[in-house]
Amino acid sequence: MMNLACWAVPLRDGYVLRADRSTAAILQAAPARSPQFWGWRIALIQPQSQQFSAPLAARAAVMAVDYARLAGGAAARDRSRRRGRIMLWMEVALGLALIIASGGHWVPALAGAWLLAGRRWLRWLFGLDRQVVQSPTAPAQSPIVSSDAHAGLGRIERSMQAVDDDAAAYALGAVQARAQGLDEVAEVYEALAGGTHPSTLPPHIGFWVADETLHNPWRPALPAPAPATGNAG
Amino acid sequence: MQDSDPNAQLIDAFVVPTDTGSAVLIDADYERLDAVAGPFQIALYSRLPISMGELAVIRSRVEADLFAHAVRTATEGRRWLLALLVGLLELGVVGVLLAYLFLNREPVHAVVAWAAPLGFLPGVLQAWRAVARRRAGARARATLEVGELLATTAVGRDGESLARLRDLWRFVDRPNEPRDLMRLERAARIRVRWPAAARFYRALATAPDAARAPGRRAWLRARTRRRGAAPQPLTYLETRSQ
């Protein structure tokens, strides 16, 4: 199974679930791996507070990971591909120059033909440049969600409790998270300090789950839908 | 944390001191890990307590780095004998061409002779790379096929690694010793003789965001670095503590 991490960022009234940035890289590599490893073992990184409910957060954690899978997209084009294109144009230019300058003699013409097509054709024939076989993936097993306490997250939660104003508490949380290198956590707090309600957070920031004490157990632990932006009339 | 799995391929993670706290250094050569011999497992060397959540983040980041490296490397060295054959053919073609240019000396041929390496060198280098990297490619393909990172973290017990880490911390613990990254780099290089840690500190010193970050735990500002021009990757995950 793949070891994934999902942050449960503590708020005033619940948690925001957000997949760790390593999730996208793990899921991008997944199609090249054997299908027997296509299961998800998600570690919920939480601040170990009394109000945290792992069963309640589990569903949102799976959603956050699934969002990272769907939004991950193609891997960024690397430099080697660009360099390869420059080399290709150089080979083509030299190959053409050799054929034109050959004056009918077979040696430079052969060298030109080799550069233009010969080498590439042989490599294609032998399958030397074939990429790793990748097949579309979906979790082959149901995800296993466990929760693990994170000391840094716990410290942030405790320091926020001492501040009365919500926005000020989230701003403090953002500063502390940045100081500790918890960039994903800091982005959540920065969005909330800017006045966004947790239920309207965009999915790339995270999925909100209310506290178990505030949550209606008969309602599924789904984030509230985003408000409509267009005018009805 | 527990003892390591007897068949596990250990990936060493060290909690090392930095100028403002501590950091996790993953000193592992992914191309030497053999997935066929057993699953992968992180072996942690730390004198500071590490919470389970922090361990889970380290595990997730290492898994991402390990398999991304395997995907990048898996195409290398495949069918290396055929690649070698193509490379030899390339050398034959360039040899005949240079002989022709040498025997039929004309001013325009001098230009072609100088330009020829630009066109032919990549093919020769491809063949050389396929032969040189055949083992790394095979191990990467095995990692993708059967590799798995265990969900448990082992306690690092290698005596040499423990001694290196202890010596590094002992240097930091000396009273009146300024704690800056270049001093730590020097200590790692000269006193402890730990090249991976020395490279780690050099990279930290040149990373502007890491230098700016204040103390406390800047957990897992993940970065992946390669050891200069060498094929082995040096992966480290940085964390800071007070």
Side-chain angles (χ1 to χ4, degrees), chain A residues 1-5 20-26 28-30 32-34 37 41 43-48 87 90-91 93-95 97-98 101 105 107-108 110-111 114-115 118-119 122-123 126-132 146-155 176 178-183, chain B residues 49-57 59-61 63-65 67-68 70-71 74-75 78-79 82-83 85-86 89-90 93-94 96-97 99-101 104 108-109 112 115-116 118-120 122-123 126 130 141 144-149 151 213-222 238-240:
Chain A
M1 294 189 98
M2 292 179 264
N3 295 292
L4 306 170
D20 184 65
R21 62 168 167 269
S22 58
T23 304
I26 293 173
Q28 274 173 7
R33 295 178 67 180
S34 173
F37 301 116
R41 189 188 290 123
L44 260 172
I45 314 298
Q46 45 97 358
Q48 200 171 23
M87 299 305 284
M90 239 155 45
E91 286 168 24
L94 188 64
L98 278 171
H105 198 283
V107 171
L110 170 76
W114 171 263
L115 283 181
R119 182 206 294 154
L122 263 185
R123 292 189 70 84
F126 294 153
L128 296 179
D129 296 325
R130 208 170 290 158
Q131 294 299 306
V132 179
S146 61
S147 86
D148 292 313
H150 189 286
L153 217 49
R155 275 196 298 272
Q176 290 202 347
R178 286 271 177 226
Q180 295 187 33
L182 307 177
D183 292 339
Chain B
I50 303 287
S51 64
M52 293 305 288
E54 289 162 330
L55 282 178
V57 178
R59 203 159 40 240
S60 175
R61 304 258 167 108
E63 170 138 3
D65 201 28
F67 287 99
V71 170
T75 52
R78 197 171 43 186
R79 302 181 182 182
L82 291 171
L85 180 69
V86 174
L89 263 173
E90 181 110 21
V93 171
V94 76
V96 170
L97 176 68
Y100 168 82
L101 296 175
N104 303 279
V108 70
H109 287 173
V112 175
L118 292 176
F120 288 96
Q126 272 178 335
R141 288 189 289 279
L144 292 176
E145 191 60 33
V146 296
E148 184 177 25
L149 183 67
R216 311 281 295 178
R217 290 196 178 184
W219 262 108
L220 304 165
R221 202 182 290 272
E238 179 207 343
T239 175
R240 292 176 174 231

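Chain letters run A, B, ... following the sequence lines, proteins first and then strands; every chain starts at 1. Atom set for the values below is all heavy atoms of this structure, side chains included, hydrogens, waters and symmetry mates excluded.
- Rounded to the nearest 0.5 Å, atoms CD (B/E90) and CG (A/L115) are 6.5 Å apart.
- For B/A68 against A/A29, the heavy-atom pair with the smallest separation is N-CB, 4.3 Å.
- The closest side-chain heavy-atom distance from B/L97 to A/L98 is below 4.5 Å.
- Separation of atoms CD (B/E63) and CZ (A/R41) is listed at 8.5 Å; rounding is to 0.5 Å.
- Most heavy-atom pairs under 4.5 Å with chain B, from the set A/L153, A/L94, A/L44: that is A/L94.
- Residues A/A5 and B/A56 come closest through the heavy atom pair CB-O, 4.4 Å.
- In terms of the ring pair (Phe, Tyr, Trp, His ring centres under 6.0 Å) criterion, residue partners of B/Y100 (sequence neighbours excluded) are, by chain and number, A/H105, B/H109.
- Here the closest heavy-atom approach between residue B/G53 and residue A/I45 is recorded as O-CD1, 3.6 Å.
- Note: A/P108 leads A/P108, A/G118, A/G154 in heavy-atom pairs under 4.5 Å with chain B.
- Every residue meeting the side-chain contact (heavy atoms from CB on, under 4.5 Å) condition with B/V86, not counting sequence neighbours, appears here in chain and number order: A/W114, A/R119, A/L122, A/R123, A/F126, A/L128.
- If you tally non-hydrogen atom pairs under 4.5 Å between each of A/A43, A/A25, A/A111 and chain B, the highest count goes to A/A111.
- Highest contact tally toward chain A, considering only B/A74, B/A130, B/A151, is held by B/A151 [criterion: heavy-atom pairs under 4.5 Å].
- In terms of heavy-atom proximity, B/S51 sits nearest to A/A151 at OG-N, 3.2 Å.
- Side-chain atoms of B/E145 do not come within 3.5 Å of backbone N or O of A/S34 as any donor-acceptor pair.
- Taken from CE in B/M52 to NE2 in A/H150, the straight-line distance is 12.5 Å, to the nearest 0.5 Å.
- Atom CZ in B/R59 sits 11.0 Å away from atom CG in A/L4 (nearest 0.5 Å).
- Note that CZ of A/F37 and CG of B/L144 are 10.0 Å apart. Values are rounded to the nearest 0.5 Å.
- To the nearest 0.5 Å, atom CZ of residue B/R61 and atom CG of residue A/D20 are 4.0 Å apart.
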